[in-house]
Amino acid sequence: LRYEKALPDLTITSVSGPISATVGTSITVTNTVLNISDLANKKYADASNFDVNLYLAPSVGGLPDLTHLTLIGSRHISDLTPGQSDTDPPADVVPDPTNATIPLTVAEGTYVLVAVADSGGAVTEADETNNTASATSTIAIQSVLPDLLVSSVTGPSTATHGTPFN
């Protein structure tokens, strides 16, 4: 008789956010993680104390370039039982979402929001390859341009054409 330990299996079932944002601002990224465990084989295991990281990935034809991720936020989940999901922000309360901030170092362009469950590898899972999902739409990131205003100009009361003045 061979005993196989039941393992949890975390997967991201949805990721969504705004269609545009400006560097240096915070955005709400709705994301849902599900512990699918091994329900098909009736093997159940909780997943405890793990993080869900939120990233920006450059868009390549509408798909995320997962080799160039920029971390924009993270949230902690203390326990997820088999078949249970956790959505941030919760639909039944006033949104108190994970603070996802677009870093000032992000270049203008088109990106895709990406969520990774158990990003730090804290949970041993039945399948470690299904922890990442991306939004189905892109997000346009714009930079902040300075808005300069001339408040005063001073100079001499008279000047001669073609000669410098102080």
Handout entry: From Thr87 atom OG1 to Asn31 atom CG, the distance as rounded to the nearest 0.5 Å
Key = 7.5 Å
Handout entry: Residues Thr110 and Thr138: side-chain donor-acceptor under 3.5 angstrom
Key = no
Problem - Cluster check Leu54, Ile141: I/L/V/M/F/W/Y, side chain < 4.5 angstrom - result: yes
Problem - Side-chain donor-acceptor contact under 3.5 Å, Arg75 with Asn53 - result: no
Handout entry: Residue pair Thr32, Ser14: steps toward the side chain to side chain donor-acceptor pair (under 3.5 Å) verdict
Key = CA-CA 5 Å; Thr32 302; Ser14 68; 3.3 Å; yes
Handout entry: Check: Gly83 main-chain N/O paired with Asn35 side-chain donor or acceptor under 3.5 Å
Key = no
Handout entry: Donor-acceptor under 3.5 Å (Thr13 side chain, Val33 main chain)
Key = no
Completion exercise
Nearest heavy-atom contact between Ala133 and Val15 is O-CG2, 3.7 Å
Practice task
Could you tell me whether the side chain of Glu125 and the main chain of Leu10 form a donor-acceptor pair under 3.5 Å?
Solution key: yes
Handout entry: Single-linkage hydrophobic cluster Ile72~Leu104, side-chain heavy atoms < 4.5 angstrom
Key = yes
Exercise for the section: Check whether the side chains of Asp79 and Ser48 place a donor and an acceptor atom closer than 3.5 Å, and report yes or no. Expected result: yes
Handout entry: hydrophobic_cluster_shared for Val116 and Ile12, side chain cutoff 4.5 Å
Key = no
Handout entry: Heavy-atom side-chain proximity of Tyr111 to Thr70 below 4.5 angstrom
Key = no
Exercise for the section: Flag the pair Ile139 / Ile19 as yes when at least one side-chain heavy-atom distance between them is below 4.5 Å, and no otherwise. Expected result: no
Handout entry: Criterion side chain to side chain donor-acceptor pair (under 3.5 Å) on Asn130 and Asp9, from CA distance to verdict
Key = CA-CA 8 Å; Asn130 62 350; Asp9 188 7; 3.3 Å; yes
Handout entry: Donor-acceptor side-chain pairing of Thr129 and Asp127 below 3.5 angstrom
Key = yes
